[in-house]
Engineer: 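I'd like to ask some things about the structure below.
So that the names make sense, note that chain A is the first sequence line, chain B the second, and so on, each numbered from 1.
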Amino acid sequence: AQSVTQLGSHVSVSEGALVLLRCNYSSSVPPYLFWYVQYPNQGLQLLLKYTSAATLVKGINGFEAEFKKSETSFHLTKPSAHMSDAAEYFCAVIRHQTGANNLFFGTGTRLTVIP
Amino acid sequence: GAVVSQHPSWVICKSGTSVKIECRSLDFQATTMFWYRQFPKQSLMLMATSNEGSKATYEQGVEKDKFLINHASLTLSTLTVTSAHPEDSSFYICSARFRGSYNEQFFGPGTRLTVL
């Protein structure tokens, strides 16, 4: 079954520094991958998604992610961190099951931005 | 577009009582709705999937008699936590998708349940 693994439960960067959040996937079929952001006590907001089109996917708020099949990775990056980027980030993959295609979430990475 | 709302946003109840949480798709017809729970500092765990007009499909380990899900219309799904206990305290999030949004789910803002 499809799954994702997020390395690093907590990442701290300085304001203006590069943001790199790691996600590796496992899938025997071409995966559909997502990055979501969650602010405290709120639901999830979609940042970007990969659906087998361009391998470099651009999302909202200046984030982008690159699908690398050879590394089974879909890392999230942003060139310059802003204080407002502090949040929890989840990588997710569509898990194909009989009768339904559900999202399987990684364990999340909490991003702290240091002023 | 594709907005999902939840009500209430937070609820506190006494142990042994039942609590109903509503999930609505405001500007689309949701063919499928999903319910997740999230414990503090943890990821989202899928509880159940419901299609309009049919019974919900529960994930392994989720008690269907405790977490009653009703998807009565294309814009409303409800989750009822029956005989709630403190261990049911959690953040419950719903999501929905519509025909044509095959791979994308739209999430509600979540409901914080605290059982005393």
Side-chain angles (χ1 to χ4, degrees), chain A residues 1-10 21 23 25 27 29-53 57 59-60 67 74 87-112, chain B residues 1-11 21 23-26 31-51 54-60 62 71 90-97 99-114:
Chain A
Q2 293 79 17
S3 68
V4 289
T5 302
Q6 290 184 244
L7 298 176
S9 59
H10 196 172
L21 304 182
C23 174
Y25 70 89
S27 178
V29 298
Y32 291 96
L33 295 160
F34 304 79
W35 274 101
Y36 287 90
V37 61
Q38 184 182 33
Y39 297 100
N41 295 309
Q42 295 187 28
L44 274 67
Q45 181 180 8
L46 179 67
L47 281 175
L48 48 83
K49 61 181 177 182
Y50 169 76
T51 57
S52 74
V57 182
I60 62 171
F67 175 77
F74 189 58
E88 188 86 20
Y89 292 80
F90 293 97
C91 180
V93 65
I94 289 288
R95 175 169 281 181
H96 300 282
Q97 298 174 294
T98 302
N101 293 320
N102 300 324
L103 278 172
F104 178 86
F105 287 90
T107 50
T109 298
R110 180 168 299 276
L111 176 66
T112 300
Chain B
V3 179
V4 176
S5 70
Q6 280 185 244
H7 179 80
S9 56
W10 58 270
V11 57
I21 302 170
C23 176
R24 293 182 184 272
S25 57
L26 298 184
T31 52
T32 307
M33 285 184 163
F34 305 83
W35 286 96
Y36 298 83
R37 67 185 299 181
Q38 183 181 31
F39 291 107
K41 302 186 186 303
Q42 294 189 28
S43 189
L44 281 74
M45 299 300 296
L46 179 65
M47 299 174 66
T49 303
S50 73
N51 295 300
S54 62
K55 290 184 179 180
T57 301
Y58 290 81
E59 294 297 299
Q60 192 172 8
V62 178
H71 191 165
S90 187
F91 195 52
Y92 292 88
I93 303 175
C94 75
S95 70
R97 67 180 181 211
R99 199 180 308 279
S101 72
Y102 177 77
N103 291 317
E104 187 168 349
Q105 297 177 23
F106 301 91
F107 287 82
T111 296
R112 171 78 57 195
L113 170 63
T114 301

Engineer: Go through the structure and list residues passing side chain to side chain contact (heavy atoms under 4.5 Å, CB included) with B:His7, not counting sequence neighbours.
Structural biologist: none
Engineer: For B:Tyr36, is it the side chain, the backbone, both or neither that has a heavy atom under 4.5 Å from a heavy atom of chain A?
Structural biologist: side chain
Engineer: Heavy-atom distances under 4.5 Å only: say whether A:Phe90 touches chain B with side chain, backbone, both or neither.
Structural biologist: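 When you check distances to chain B, only side chain atoms of A:Phe90 fall under 4.5 Å.
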Engineer: Using non-hydrogen atoms only, which part of B:Ile93 is less than 4.5 Å away from chain A: side chain, backbone, both, or neither?
Structural biologist: side chain
Engineer: Could you tell me if the side chain of B:Phe34 sits less than 4.5 Å from the side chain of A:Leu103, heavy atoms only?
Structural biologist: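 The answer is no; the side chains never approach within 4.5 Å.
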Engineer: Would you say B:Ser43's side chain and A:Gly108's backbone share a donor-acceptor pair under 3.5 angstrom?
Structural biologist: no
Engineer: Using side chain to side chain contact (heavy atoms under 4.5 Å, CB included) as the criterion, list what pairs up with A:Ser3, not counting sequence neighbours.
Structural biologist: A:Ser26, A:Arg95, A:Phe104
Engineer: B:Gln105 versus chain A, heavy atoms under 4.5 Å apart: side chain, backbone, both or neither?
Structural biologist: both
Engineer: Would you compute the distance between atom CD of B:Gln38 and atom CG of A:Leu44 and round it to the nearest 0.5 angstrom?
Structural biologist: 7.0 Å
Engineer: Taking side chain as everything from C-beta outward and backbone as N, CA, C, O, which of these in A:Phe34 sits under 4.5 Å from a heavy atom of chain B? Side chain, backbone, both or neither.
Structural biologist: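 The answer is the side chain of A:Phe34.
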Engineer: So, taking the atom named CG in A:Leu46 and the one named CZ in B:Phe106, what distance separates them when rounded to the nearest 0.5 Å?
Structural biologist: 8.0 Å
Engineer: Rounded to the nearest 0.5 Å, how far apart are CG of A:Asn102 and OG of B:Ser95?
Structural biologist: 9.0 Å
